[in-house]
There are 2 protein chains.
Amino acid sequence: MNLKQLSKNLGLSQTTVSRALNGYPEVSEATRNRVRLAADQYNYSPSTRAKGLATGKALAIGHVIPLSSQHEVVNPIFADFIAGAGETYARNGYEMTLTMVEDTQEESIYRGMHSRRSVDGVVVHSPRMNDTRIPLLNEIGLPFVVHGRATGATAPYSWLDVNNKRAFHRAAKFLIDLGHRRIGLINGLEDMDFAHRRRTGYQDALRENGIKIDPTLMRSGEMTENFGHRYTRELLALPNPPTAIMTSSLISAMGARRAIEDAGLVMGRDVSVITHDDVLSYLGNGDDVPIYTATRSSVREAGRQLAEMLLTEIESPHRGTQNVLLEAELMVGQSTGPAPKI
Amino acid sequence: MNLKQLSKNLGLSQTTVSRALNGYPEVSEATRNRVRLAADQYNYSPSTRAKGLATGKALAIGHVIPLSSQHEVVNPIFADFIAGAGETYARNGYEMTLTMVEDTQEESIYRGMHSRRSVDGVVVHSPRMNDTRIPLLNEIGLPFVVHGRATGATAPYSWLDVNNKRAFHRAAKFLIDLGHRRIGLINGLEDMDFAHRRRTGYQDALRENGIKIDPTLMRSGEMTENFGHRYTRELLALPNPPTAIMTSSLISAMGARRAIEDAGLVMGRDVSVITHDDVLSYLGNGDDVPIYTATRSSVREAGRQLAEMLLTEIESPHRGTQNVLLEAELMVGQSTGPAPKI
DNA sequence: TTAGACGTTCAAAGCGCTTTCAATTTTGAC
DNA sequence: GTCAAAATTGAAAGCGCTTTGAACGTCTAA
């Protein structure tokens with residue numbers, strides 16, 4: 001069923017039917033109802049493609065997910081983020097198109113999206129330090145919002161980020177207050193912007209408390225269980241091992257815990273652990289009392305909000321950039337305790 | 001830049017330019033090269049919408065991800081599956097559109113996709129017992145393939161599945177051979193088809209070996225860490241607790257391990273664990289020696305293959321249905337050992 | 001020389017919608 | 001009952017592409 005047939009069935013012009021369905025005021029309520037009824041009955045809904053052609057909008061948002069070419073790891077937070085964003089799109093009649101792409105060829109993907117006008121805007125995931133995508137998108141004039149920030153970007157742009165620096169500052173301070181002096185950091189990849197900020201927060205807290213920063217206690221890699229395990233094992237094998245470890249995700253924290261137990265130690269007693277918790281739906285941090293002490297911020301909620309920001313960006317382009325900085329909660333769980341006496 | 005402008009610049013008709021770019025034979029090589037060069041230079045690529053309108057194809061595949069309305073859990077395997085499928089689509093010039101939807105309103109989503117012709121086909125995720133989506137899609141004539149199978153479906157349809165029944169049969173047999181007699185099962189939700197098949201495999205193995213099936217040893221729920229933990233704790237608290245536990249995902253297995261250790265027991269010595277491992281990129285099962293003994297099958301590879309099946313389905317609709325049954329490997333890790341003597 | 005064949009190009013219609021501008025009907029004030 | 005204004009409807013153009021059917025040269029064979 002298409003507009004033409006529907007309007008013929010109703011004995012109306014395509015114009016009127018189109019207007020009736022799109023809520024234009026110059027249609028009498030009587031005919032509007034008649035049209036709506038018929039549309040329902042014949043299960044008519046307009047072709048997105050034709051509508052897009054006619055209006056010049058795609059009614060679609062692009063998400064380009066970078067697959068780090070070396071590791072082929074899909075960022076585990078992405079599913080929940082997308083779920084959040086998807087809710088917003090559904091509510092507003094937008095579709096979401098997803099592209100998984102090796103980080104080496106992102107540029108051509110964005111250019112393509114723009115020149116074939118297949119999306120009205122994009123969400124930039126996993127921004128890196130001095131991310132090239134931001135100037136690129138500004139240049140080609142494709143509306144975008146960034147999940148995170150990119151240190152080094154000069155022009156203004158819209159972003160939503162967690163206050164990673166403060167979160168890790170607070171977490172480190174929390175450990176220091178418990179008497180810990182040797183604190184390890186198992187971070188995301190160093191060129192990721194969030195990892196940089198977290199490290200800064202961590203280092204600031206140490207410095208402010210007169211603790212010398214020891215590069216041997218810092219590791220960075222993909223946020224997988226295996227990396228968490230491997231790095232923790234390495235840290236615990238040091239001549240002067242840390243009494244506490246901070247990790248960048250619940251998943252690597254699980255790896256850390258495994259390594260701690262492999263070493264015959266007890267998490268929360270011998271080695272404290274604080275992690276960042278993205279509140280992934282399939283990876284709760286304990287039922288009642290949190291297992292891990294964690295800096296906590298829902299990535300799903302971030303998805304919802306960021307999608308909303310993008311839609312307003314698209315619908316009123318001259319509003320200027322929007323910036324949202326979410327504060328992470330610091331939830332105390334069972335993985336932290338006072339530094340063991342020597 | 002659009003076709004009209006490009007062809008004007010070249011002093012050619014839209015027809016010729018279109019044909020040149022789409023590889024039609026009736027264009028001389030000289031002009032084809034000239035056109036290609038210009039298209040490159042002006043960074044021209046055709047509007048998907050217009051192309052879709054003109055050809056009647058959407059060049060897009062829909063993935064509808066059900067969010068169980070009770071739990072709001074995003075299936076953790078979905079990110080890796082999508083990554084696999086995405087590779088196939090990218091290679092073939094298709095886009096992927098994603099819809100997250102409460103499982104109660106899936107039907108209207110599929111109908112909508114079809115009537116507005118926004119996709120050429122869909123992938124059905126997480127099929128349930130007697131899944132209603134299969135007859136629905138057959139009825140409306142939207143090409144589809146299923147990731148998994150749906151017991152109870154009468155008409156033929158294309159699917160790709162892991163041999164869940166045999167995998168769990170083998171795993172259970174493996175435990176029985178190690179002397180285990182009380183084996184717990186922590187399964188996915190019971191109305192999921194894969195969970196049903198796994199339970200059947202498990203029960204068959206027990207029965208064939210003269211072990212009575214004990215419903216108190218069987219649990220099912222979302223495949224989260226918390227459920228794995230809770231159910232394992234319940235099982236271990238039974239008057240006559242199991243000496244081995246089978247779980248449906250690495251994530252719930254991690255929960256199981258936590259519960260085992262909370263109880264002061266050692267996994268692999270006091271309680272054996274076998275899990276299914278979907279080979280998620282962010283959740284490796286150990287580096288060298290697997291942590292968990294596991295039935296193993298890459299969901300990313302499944303995504304790649306299933307997408308390919310769908311594309312052939314779309315491009316040659318009258319080929320009949322395709323069915324692929326993948327066998328899971330049984331990888332022996334450190335989480336299993338002989339049943340403890342009483 | 002001419003007709004047919006071939007290789008190459010083009011004009012125009014059409015895909016399903018929106019939207020401008022014009023036409024028609026209804027309403028309300030006189 | 002009349003007429004302008006308001007309300008309602010419609011014809012047609014246009015969005016950017018593909019594709020049909022026709023046209024134009026150029027060759028080849030008779």
Side-chain angles (χ1 to χ4, degrees), chain A residues 1-36 38-39 42-60 93-95 112-120 315, chain B residues 1-36 38-39 42-60 93-95 112-120 315:
Chain A
M1 176 67 57
N2 60 22
L3 227 211
K4 196 169 179 180
Q5 293 168 37
L6 181 62
S7 48
K8 185 170 297 174
N9 283 351
L10 282 160
L12 289 168
S13 72
Q14 296 191 33
T15 311
T16 305
V17 175
S18 167
R19 280 179 178 146
L21 293 175
N22 289 309
Y24 282 68
E26 56 268 80
V27 176
S28 74
E29 279 313 305
T31 50
R32 191 192 301 283
N33 286 332
R34 205 157 65 86
V35 169
R36 283 210 179 122
Y42 296 115
N43 208 339
Y44 166 79
S45 53
S47 148
T48 326
R49 293 196 296 280
K51 192 163 188 156
L53 235 205
T55 57
K57 335 220 85 230
L59 290 177
Y94 278 76
E95 294 179 346
M113 282 188 157
H114 181 248
S115 69
R116 72 189 50 160
R117 276 131 298 173
S118 55
V119 298
D120 297 319
E315 275 151 29
Chain B
M1 177 65 56
N2 59 24
L3 227 210
K4 197 170 178 182
Q5 293 169 35
L6 181 62
S7 48
K8 185 171 298 173
N9 283 351
L10 283 162
L12 288 169
S13 72
Q14 298 190 31
T15 313
T16 305
V17 175
S18 168
R19 281 180 178 145
L21 293 174
N22 289 309
Y24 282 68
E26 57 270 79
V27 176
S28 74
E29 278 313 304
T31 49
R32 191 191 302 282
N33 286 333
R34 204 156 67 86
V35 170
R36 283 207 177 123
Y42 296 115
N43 207 339
Y44 166 80
S45 54
S47 147
T48 326
R49 295 196 295 279
K51 192 163 188 157
L53 236 205
T55 57
K57 334 219 84 230
L59 291 176
Y94 278 76
E95 293 179 348
M113 283 188 155
H114 181 248
S115 70
R116 72 189 50 161
R117 276 133 297 171
S118 56
V119 298
D120 297 320
E315 274 151 29

Would you say a side-chain N or O of [X] is under 4.0 Å from OP1 or OP2 of [N]?
X: B/Y24; N: D/dT19; answer: yes
X: A/S18; N: C/dT18; answer: yes
X: B/N2; N: D/dC15; answer: no
X: A/K51; N: C/dG16; answer: no
X: B/Y44; N: D/dC17; answer: yes
X: A/S47; N: C/dC17; answer: no
X: A/S28; N: D/dT9; answer: yes
X: B/S13; N: C/dT9; answer: no

Does the D/dT9 base have a donor-acceptor partner in the side chain of A/T31 within less than 3.5 Å? no
What I want to check is whether an N or O donor and acceptor connect the side chain of A/R19 with the base of C/dT20 at under 3.5 Å. yes
Distance (rounded to the nearest 0.5 Å) between A/L21 CG and A/L3 CG: 7.5 Å
How far does CG of B/L6 sit from OG of B/S45, to the nearest 0.5 angstrom? 11.0 Å
Rounded to the Å, how far apart are A/N22 CG and C/dC17 P? 11 Å
Give the rounded distance in Å between these two atoms: CG of B/L3 and C1' of C/dC10. 13 Å
For A/S18 and A/T15, does a side-chain donor sit closer than 3.5 Å to a side-chain acceptor? no
Closest-nucleotide mapping onto DNA chain C: is B/L12 or B/A50 further toward the 5' terminus? I mean the 5' end. B/L12
Minimum side-chain heavy-atom gap B/N22-B/K51 below 4.5 Å: yes
Close side-chain approach of B/M1 and B/N43, heavy atoms under 4.5 Å: no
Which of C/dT19, C/dC17, D/dT9 is nearest the side chain of A/E26? It is D/dT9
Heavy atoms under 4.0 Å, any strand shown: does A/T15 hit a base, just sugar-phosphate, or nothing? base
